> 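One structure is given below, represented as structure tokens, and several questions about it will come after.
In listed order, ligands and their atoms are each counted from 1. Because the structure is predicted, anything quoted here is derived from the model rather than measured.
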Amino acid sequence: MFNQIKNQFAEFVLSKPRKTILDFETPLVRLETLSKKLNIDLWMKRDDLAGPSFGGNKVRQLEYYLGEACSQNADTILITGAVQSNFVRLAAASAVRFGMKSIVQLEQRVSKQDNNYNHSGNVLLNNLLGAEIIHYPEGEDEEGADRALYVLAEKLKKEGKNPYVIPLSRNKPPLGALGYYRCAEEIVGQQDSTFDYLIVASGSGATHLGLVAGMSLLSPSTKVIGSCVRRDEEMQTERFRLLCELINSFSGCPNFLTEQDIFLWDKALEPGYGQIGPLAQNAMKLMAQNEGHLLDPVYTAKSFAAVPGLISDGIIGAGSRVLYVHTGGNAAIFAYQNEIQKIMKK
Ligand SMILES: Cc1ncc(COP(=O)(O)O)c(C=O)c1O
């Protein structure tokens, strides 16, 4: 049964159109100082280096969306996300590569009015990349935000354009997750021995889902833990359960992922999406001041906080071999400069 699912899932991934945007393997590096400090064997997958325009995890997901868009001869990419969305910025950069226009819809997910948040970081880069920026007033209405894009797509079709919508809502097939199944293959090819734990951000859940799918087939003794960056553990568990069902039916492997594959940790999420609580602040400092690597306040500070957090919770034991997947997001640091300056003064 296991080998049948393994082969069937690998064939399913190969059957989907993909456009190469990331043309190298991202490095797997050992974090020497933090390994000593935390008393574990800590490694980091540098997916912050993946792809153009400061890179990030969404590039591997976009390889599949752009693959589908190109197979439909699309000329315009439509995407929605938070004002400081890295996904939107990377979609704009990737669209350029394939000669497409991009229209990016920015949602008010965070009640912040400052100039840096609204104009610097990823917003500045969207402009530089030539994206057309439109706005959506809600931040917690995924279906509504998608609907607005589909309405716009219909209008563009009437004008003779061929638009492609990258959907956000959780009931669409999780195509982007396939990029992280491929990342799991890459990790397994790079590792010299098996990791006990893999820690990654869980937002839309696509990165986490792809890694769970990949590691459960290719390195089954590695426990993949998603650190919640968008919703609390209860809500993210519900979302992830649905994503598991979707990928099972999408791939034609109905008995593949189950409840047993879901591990989430949400203690660094507070006080909420896009806001930096104490555990995330400590994580940013811990990484910057011991390893010289940067974490962003929205995603990676929260996901990395799970490493010391799970050690204090007694889940990750001394000497464990741990892989942290750095998913990028550094462009947003400049949008949060006021908050970061305050943290540094503490
Ligand atoms: C830098 C960064 N890390 C992690 C995530 C979460 O990834 P996912 O939405 O696939 O769960 C995002 C999502 O936008 C992101 O931009």
> For atom 16 (O) of ligand 1, find the nearest protein heavy atom and state the residue, atom name and distance (0.1 Å precision).
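Sorting protein heavy atoms by distance from atom 16 (O) of ligand 1 puts Asn86 ND2, 2.9 Å first.
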
> Working note: Ser303 + Tyr324, criterion side chain to side chain donor-acceptor pair (under 3.5 Å); need CA distance, chi angles, decisive distance, verdict.
CA-CA 8 Å; Ser303 58; Tyr324 169 66; 2.8 Å; yes

> Side chains of residues 332-345: which donor-acceptor partners sit under 3.5 Å, not counting sequence neighbours?
{"residue": "Tyr336", "atom": "OH", "partner": "Gly274", "partner atom": "O", "Å": "2.8"}
{"residue": "Glu339", "atom": "OE2", "partner": "Lys112", "partner atom": "NZ", "Å": "2.3"}

> If you draw a 6.0 Å radius around CD in Glu159, do more than 12 non-hydrogen atoms from other residues or ligands fall strictly inside?
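It does: Glu159 CD has more than 12 such atoms within range.
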
> Do ligand 1 and Phe87 have nitrogen or oxygen atoms that lie under 3.5 Å from each other?
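No, since none of the N or O atoms of Phe87 sits under 3.5 Å from an N or O of ligand 1.
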
> Looking only at protein heavy atoms, which one is nearest to atom 10 (O) of ligand 1, and what is the separation?
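Going atom by atom, the protein heavy atom closest to atom 10 (O) of ligand 1 ends up being Thr207 OG1, 2.6 Å.
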
> With a cutoff of 4.0 Å, is Asn57 in contact with ligand 1, counting heavy atoms of the residue only?
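Under 4.0 Å: yes for Asn57.
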
> Salt bridge or not for Glu142 and Arg239, using N-O below 4.0 Å?
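Answer for the salt bridge query: yes.
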
> Within the 4.0 Å heavy-atom shell around Ala201, which atoms of ligand 1 are there?
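Answer, ordered by atom number: 4 (C).
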
> Counting each atom of ligand 1 from 1 as listed, which ones have a heavy atom of Gly328 under 4.0 Å away?
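So the answer, numbered in order with elements, is 1 (C).
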
> Testing Ile133, Leu128, Val88 for side-chain contact (heavy atoms from CB on, under 4.5 Å) with Val123, which one passes?
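When Ile133, Leu128, Val88 are each tested with Val123, the side-chain contact (heavy atoms from CB on, under 4.5 Å) holds only for Ile133.
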
> With respect to Val325, which candidate in Asn57, Asp48, Val200 satisfies the side-chain contact (heavy atoms from CB on, under 4.5 Å) definition?
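It is Val200, the one option of Asn57, Asp48, Val200 that forms the side-chain contact (heavy atoms from CB on, under 4.5 Å) with Val325.
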
> So is Gly56 touching ligand 1 or not, going by heavy atoms under 4.0 Å?
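It does not, in that no heavy atom of Gly56 comes within the 4.0 Å cut-off of ligand 1.
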
> Please enumerate all residues that pass ring-ring contact (aromatic ring centres under 6.0 Å, His included) together with Tyr64, with sequence neighbours excluded.
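For Tyr64 there are no ring-ring contact (aromatic ring centres under 6.0 Å, His included) partners, ignoring immediate neighbours.
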
> Distance under 4.0 Å to a non-hydrogen atom of Gly329: what atoms of ligand 1 satisfy this?
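Going through ligand 1 atom by atom, the ones under 4.0 Å from Gly329 are 1 (C).
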
> Determine, using heavy atoms of His208 and all atoms of ligand 1, whether some pair is separated by less than 4.0 Å.
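Contact absent.
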
> Is the closest N or O pair between Asp296 and ligand 1 shorter than 3.5 Å?
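For ligand 1, there is no N or O atom that lies under 3.5 Å from one belonging to Asp296.
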
> What are the atoms of ligand 1, with element, lying closer than 4.0 Å to any heavy atom of Ala206?
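Those atoms are 10 (O), 11 (O).
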
> How close does the nearest protein non-hydrogen atom get to atom 13 (C) of ligand 1, and which residue and atom is it?
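Result for atom 13 (C) of ligand 1: Lys58 CE, 3.3 Å.
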
> Does Lys19 NZ have over 12 foreign heavy atoms under 6.0 Å away?
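Counting neighbours around NZ of Lys19, 12 or fewer heavy atoms of other residues, nucleotides or ligands fall under 6.0 Å, so no.
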
> Of all the heavy atoms in Arg230, does at least one lie under 4.0 Å from an atom in ligand 1?
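Arg230 does not count as a contact of ligand 1 under the 4.0 Å cut-off.
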
> Starting from atom 1 (C) of ligand 1, which protein heavy atom do you reach first, and at what distance in Å?
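Here the closest protein heavy atom is Thr327 O, 3.4 Å.
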
> Without swapping roles, check the side chain of Asp232 against the backbone of Met235 for a donor-acceptor pair under 3.5 Å.
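It does hold such a pair.
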
> Using heavy-atom distances only, which candidate in Phe54, Tyr299, Phe240 approaches atom 5 (C) of ligand 1 most closely?
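Of the listed residues, Tyr299 has the closest heavy atom.
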
> Looking only at non-hydrogen atoms, which of Ser204, Gly176, Gly179 approaches atom 8 (P) of ligand 1 most closely?
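Ranked by closest heavy atom to atom 8 (P) of ligand 1, first place is Ser204.
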
> Any sub-3.5 Å donor-acceptor pair from Gln236's side-chain atoms to Leu264's backbone N or O?
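Looks like no, no N/O pair under 3.5 Å.
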
> Which residue supplies the protein heavy atom nearest to atom 11 (O) of ligand 1, what is that atom called, and how far is it?
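For atom 11 (O) of ligand 1, the nearest protein heavy atom is Gly203 N, 2.7 Å.
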
> Report, as yes or no, whether the 6.0 Å neighbourhood of atom CZ on Phe54 holds more than 12 heavy atoms from other residues, nucleotides or ligands.
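No - once you tally the heavy atoms of other residues, nucleotides and ligands closer than 6.0 Å, there are 12 at most.
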
